[in-house]
J.: 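Before I ask anything, let me first share the structure, which is written out below as structure tokens.
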Amino acid sequence: VIRAIATAALASLLSASACTSARVRPAPFRARPDTVAAGDLRGPFSGRVVEEETGRPIAGALVYATWSVQEGYGLTAPGGFREHTTSTDADGRYRIPAVSGPDDGSSRLTDFHLVVYKRGYVAYRSDHRFSDLGPRSDFTQMQQEIVLPRWRSELSHAKHLRYIGGGAALQSLTAWEAEPAARELLFGDAAGPMTTDPFGRRPAPGDSAAAVVAARLLRPKQITDVTGFEGEFETGPLGDEPDTAQYSSFHLRALDRAESFDVALRLWKLDGPGAQERYGQLLGSLPTAVEHNEIADRSLRAAEGQIRGVAFLDGKRSAVVLLTCGVAQCRNTEDAVAIARSVYERLQETWPLGVSR
Amino acid sequence: MRRGSLALIAAAAGALAGVQDARAWEPATTHAGLTEQAALSGVLHRRLHSDFGIDLGLFAPLTVPPADAPSLFAALRELNPTHGYAPDKRGRQTALAWLAAGAVVADMPVAAARNHFFDPDGGGGLRVADDGGLLARLFRRDASELAAAYVGVRRAVPAVQWITTADNPLNLAGFLGQYQRAVTARTPGERERHIAGALVAAGAILHVLQDMGSPSHVRDDFAAHLSQLSDDRRDVGSRFERVAALSYGRLGIPAPARTITRDRLRDFFTSEDKKGLADWTAASWFSAGTLPRPISVKSGLGLAKLGSALKQSLVRPQPAPDASGLDELGAHSPDGATLVNPDRVCLARYAIADGALRWSTDDQCVLQQIGAILPIVSAYSQGLLDFLFRGSLELTTEAGQLDVAVRDVAVGAGKVTLLWDDEAGVRTALGEPQNTSGGAVGQRLVEAGQVPARAHAVVALFEGVDGSGEPLIATGRVVLDR
């Protein structure tokens, strides 16, 4: 069935190509929603932008259209582009005039992209969906209805900026997203201000230490990057001890999976010899604990039943971290060590060392 | 198959009607997407934030005055801004965009693409056998351009050498030079443009590695790049790589499948343990022009003879199909049968007709291969990018004493330069560079003397080699709490 569909699609586009000027590639989109006829890459284009929840028109959304030009054949090179920027009217409508094909015999118009952006909404691209970044197949040249969902706090600004792409007007309108996007990549959390000092001044050491809790040191991506796990986690503190200034915990419970897919992190911040003592207690009490000293100042590996454990001591920060990982998630100890290493990296980033003079 | 296979196949197959690219993975989409994924998954954002003091990291706008790099901007002006890596008229775009731009312009001019081939079996670059057949195919398509390309192929440099050869303007030395000046340049504006320069060079180096994930690039298969792709006779290119571009685009490129670490730059491409990307690709996948040759089965071969014939039909030693695993009944059917690898990914189709066993790859098979290959290429890309930016120093001050320690990766012999920034960010050397024999992670590298009272921040730069003897630049920065 798959092969038949693919063959049919290829055949239809090949026939479309035969009817199209060699200087303009066949359009990968339909002319209108109510027809299967292929559109024209040159345009014109028209449509209406509406809000997902209410269906109401969105006025003043930026509409950015671009065409790519390619030069040469056999060995080819980008040959420039054309662009048109407009915005939606009070009824949410846009119209983009057609462009002509290239005059130069070795140049051709190769693709068309439309981006729609309005602050407070998820942007739209004519070539890919935002949700899964998969290819979009519902774009039409004329009478296109573009539905914009409202922005939600759990969405990623980093992904959104990459999705939107470039163009002077878009770059200007989306510049505000750079800060939450940068924060996401550092802390896994877009909320809260970044350091605004242009020279990168950071909070005083005491402040940053107080802000360090186990939940800031481990994000699901750090786990999935290592283990390849494709499920989701529900997060929260462990139930063993309440969080205090000296102790915090973070439990990533794998949704709809056995406990052996879970991961947990415990962080102790203990002054003076406290950190050394805590680490020593772990070394003495965790089953099969053996020191490997591969992370921070000292580190150990341990295992019991369905759980693998890695603990490390960061003497400079007086911090002790214990990572536990189920055997279904961490299929070998190296996985747990790799995750623990990434935890240590985050610890260093979120808790910079002394800058006092 | 993941990611909505029907939609991917339809999109890929349909859009092939317009294929016209004869280069590697398509720069505007596949290379750019791989490079972005590498950056978003790796250490670069943290490096920019922590070691360079660029708060917004990958999303920080960096300006390169167009007059400073006219040839680069001449290339960038040809790129469609919608993909996010074309700077504005002032020469400003984000750090991530500069990196992706480097991956895109690595094929500009297109003649550079001939240096993005490497055959791990022979150790050579792109070769074109002068057997007449290929020449005929080339010159039938008119165009002095193709003739010029052929002549150019004869001068091709193997990809593993191209990244360090002086002829490559975006080579490793260029990257290291820009990196060094991104730390030592006097003003914030100068440093900004050198960071952008380092990112462009890094992106271009990543591009060359990414090409090692394309089977034709590591199996010396230039013919695969001359496939007729539509009814336009001038429309030739690599069907494999165009399918990748059409089905995944820039945005659909998968994140790295795993973490790849190597001690040496070359090892990302090829290594004695055969764990370089070129080694893996060449041994794991056929390219369009290196499928097994047809086998005559007119007389009815037994399994043993078939196995022997199959072995002789191989153009390359790997992958080597097992004759006992072939589906003879399926091979006789109109649709033929499929050869799969242990992960059930299509390696090739085969069919017996007219007394011969013949091999082919169709778009669905190619799409499966791309789905398996791209996450690996993505992982190698991230590994290489992290490798390029692996050096990091930790600066601390206690009781007026400045310490510089090694962070993340051990350093070998080299020199350490200390610099200080005033309130306006103007940077000045703090004494003479100090030689060091190196140190392990966490080990103190040098001690600094007194820091000027006006110093707002102190920066350290290590230039030398790492523990493996590979060229290394490392930097670190501390803002003084005054």
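We name chains A, B, ... by the order of the sequence lines, and we start the count at 1 in each one. Everything quoted here is computed from the prediction, not taken from an experiment.
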J.: Does some side-chain heavy atom of B/Gln37 sit less than 4.5 Å from a side-chain heavy atom of A/Arg162?
T.: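 Yes, their side chains come closer than 4.5 Å.
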J.: Name the member of B/Arg92, B/Arg258, B/Arg407, B/Arg250 that forms the most heavy-atom pairs with chain A at distances under 4.5 Å.
T.: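 Most heavy-atom pairs under 4.5 Å with chain A: B/Arg250.
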J.: Under a 4.5 Å heavy-atom cut-off, does chain B meet the side chain of A/Glu177, its backbone, both or neither?
T.: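 Contact with chain B involves no heavy atom of A/Glu177 at all.
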J.: Rounded to the nearest 0.5 Å, how far does CG of A/Leu186 lie from CG of B/Leu56?
T.: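 Answer rounded to 0.5 Å: 9.5 Å.
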J.: If you compare all heavy atoms of B/Gly249 against all heavy atoms of A/His128, which two are closest, and at what distance to 0.1 Å?
T.: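 Smallest heavy-atom distance, with atoms named: CA-NE2, 3.9 Å.
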J.: Charged N to carboxylate O under 4.0 angstrom, A/Glu345 versus B/Arg46?
T.: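 No, A/Glu345 and B/Arg46 are not salt-bridged.
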J.: For the residue pair A/Phe81 and B/Thr82, establish whether any side-chain heavy-atom pair is separated by less than 4.5 Å.
T.: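 The answer is no; the side chains never approach within 4.5 Å.
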J.: Search all heavy atoms of A/Ala182 against all heavy atoms of B/His45 and return the closest pair with its distance.
T.: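 Residues A/Ala182 and B/His45, closest heavy atoms: O-NE2, 2.8 Å.
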J.: Considering only heavy atoms, which portion of A/Asp111 lies under 4.5 Å from any heavy atom of chain B: side chain, backbone, both, or neither?
T.: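 Interface part for A/Asp111: side chain.
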J.: Heavy-atom distances under 4.5 Å only: say whether A/Lys159 touches chain B with side chain, backbone, both or neither.
T.: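 For A/Lys159, neither part sits under 4.5 Å from chain B.
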J.: Under 4.5 Å, counting heavy-atom pairs only, tell me which of B/Asp88, B/Thr259, B/Leu79 racks up the most with chain A.
T.: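 Heavy-atom pairs under 4.5 Å are most numerous for B/Leu79.
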J.: Examine whether an atom of A/Arg125 lies under 4.5 Å from a heavy atom of chain B, and if so say whether it belongs to the side chain, the backbone or both; otherwise answer neither.
T.: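 Looking at A/Arg125, just its side chain touches chain B.
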J.: Is B/Thr94 close to chain A through its backbone or its side chain, or both, or neither, when contacts mean heavy atoms under 4.5 Å?
T.: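 Neither; nothing under 4.5 Å.
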J.: About how many Å separate NE2 of B/His83 and OG1 of A/Thr66, when rounded to the nearest 0.5 Å?
T.: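 Between atom OG1 of A/Thr66 and atom NE2 of B/His83 there are 7.0 Å.
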J.: Which distance, rounded to the nearest 0.5 Å, do you find between the CG of B/Leu40 and the CD of A/Glu184?
T.: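 If I round to the nearest 0.5 Å, the distance is 10.0 Å.
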J.: Select one option (side chain, backbone, both, neither) describing which atoms of A/Tyr163 are under 4.5 Å from chain B's heavy atoms.
T.: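 Both the backbone and the side chain of A/Tyr163 come within 4.5 Å of chain B.
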J.: Can you confirm whether B/Thr396 sits close enough to A/Lys316 that some side-chain heavy atom of one is under 4.5 Å from a side-chain heavy atom of the other?
T.: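 A side-chain contact under 4.5 Å is absent here.
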J.: Which atom pair, heavy atoms only, marks the closest approach of B/Asn80 to A/Ser68?
T.: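 Taking every non-hydrogen atom into account, ND2-OG, 2.9 Å.
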J.: Measure distances from B/Leu48 to the heavy atoms of chain A and classify the residue's part below 4.5 Å as side chain, backbone, both or neither.
T.: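 B/Leu48 has no heavy atom closer than 4.5 Å to chain A.
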J.: Can you say whether A/Leu114 sits under 4.5 Å from chain B via the side chain, the backbone, both, or neither, judging by heavy atoms?
T.: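 No part of A/Leu114 comes within 4.5 Å of chain B.
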J.: What's the shortest heavy-atom distance between B/Glu78 and A/Gly80, and which atoms?
T.: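 Looks like OE1-N, 2.9 Å.
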